[in-house]
Amino acid sequence: MTLEEQASYLQELKKAAGLRSESARDQLIAELADTVSLLCHQVSLLSEVSDGMNEALHDVQEQMDALFSLDEGEEEIMGEDEYFDGSERPLYQVSCPECQDQFAVDESSLVKGFRCPNCGTHLVQAES
């Protein structure tokens, strides 16, 4: 039985008991039944919110995994990129979560942020 069903059942029992408002005992029982029903309803709502947050967190994790498709925590280096100053820097493979295009970026782009060359989605934003 769900919490919502338990709360409804408790309210039905309260009605069936025919509690009188003149009796302090009956008033106490009615108030306790109302309070427990309200708590059941609130816990049920919190559970729904929690489920939504867990689902959103799972979606974010999938996007991060897609963005940084690295094997077992190791950086997947695709090769070296030679710059105008003659230095070479490693390139990293990333996947756009929007269009699933895969391309290579250097480490400084991972830090500063960049846009997908295919769809233009901003993939990483530097922290302030």
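This is a predicted model, so every value here is computed, not measured.
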Checklist entry - Can you list the residues that meet the side-chain contact (heavy atoms from CB on, under 4.5 Å) rule with S47, with sequence neighbours excluded? => result D51
Next on the checklist: Is there a side-chain contact between Q93 and V105 in this structure, where contact means two heavy atoms from C-beta onward sitting under 4.5 Å apart?
Outcome noted: no
Checklist entry - At their closest point, which heavy atom of C40 faces which heavy atom of E4, and how far apart are they? => result O-OE2, 4.4 Å
Item to check | Inter-residue atom distance L39.CG - L46.CG, 0.5 Å rounding | outcome: 10.5 Å
Checklist outcome for this item: One should read off an interatomic distance between L57 CG and E62 CD, to the nearest 0.5 angstrom, of 10.5 Å
Item to check | Distance, nearest 0.5 Å, that separates OG of S37 from CD of Q11 | outcome: 3.5 Å
Checklist entry - Nearest 0.5 Å, what's the OG-CD1 distance between S23 and I29? => result 7.5 Å
Checklist outcome for this item: Separation between OG1 (T2) and OH (Y9), nearest 0.5 Å, reads 14.0 Å
Item to check | Flag side-chain contact, heavy atom, 4.5 Å: F103 against C116 | outcome: yes
Next on the checklist: Restricting to side-chain contact (heavy atoms from CB on, under 4.5 Å), what partner residues turn up for E12, sequence neighbours left out?
Outcome noted: none
Next on the checklist: Nearest 0.5 Å, please: how far is SG in C96 from CG in D101?
Outcome noted: 7.0 Å
Checklist entry - Can a donor-acceptor pair be found between the side chains of N118 and E98 at a distance below 3.5 Å? => result no
Next on the checklist: Do H41 and L45 make a side-chain contact, defined as non-hydrogen atoms from C-beta onward lying under 4.5 Å apart?
Outcome noted: yes
Item to check | Shortest non-hydrogen separation from K14 to A33 and the atoms involved | outcome: CD-CB, 3.9 Å
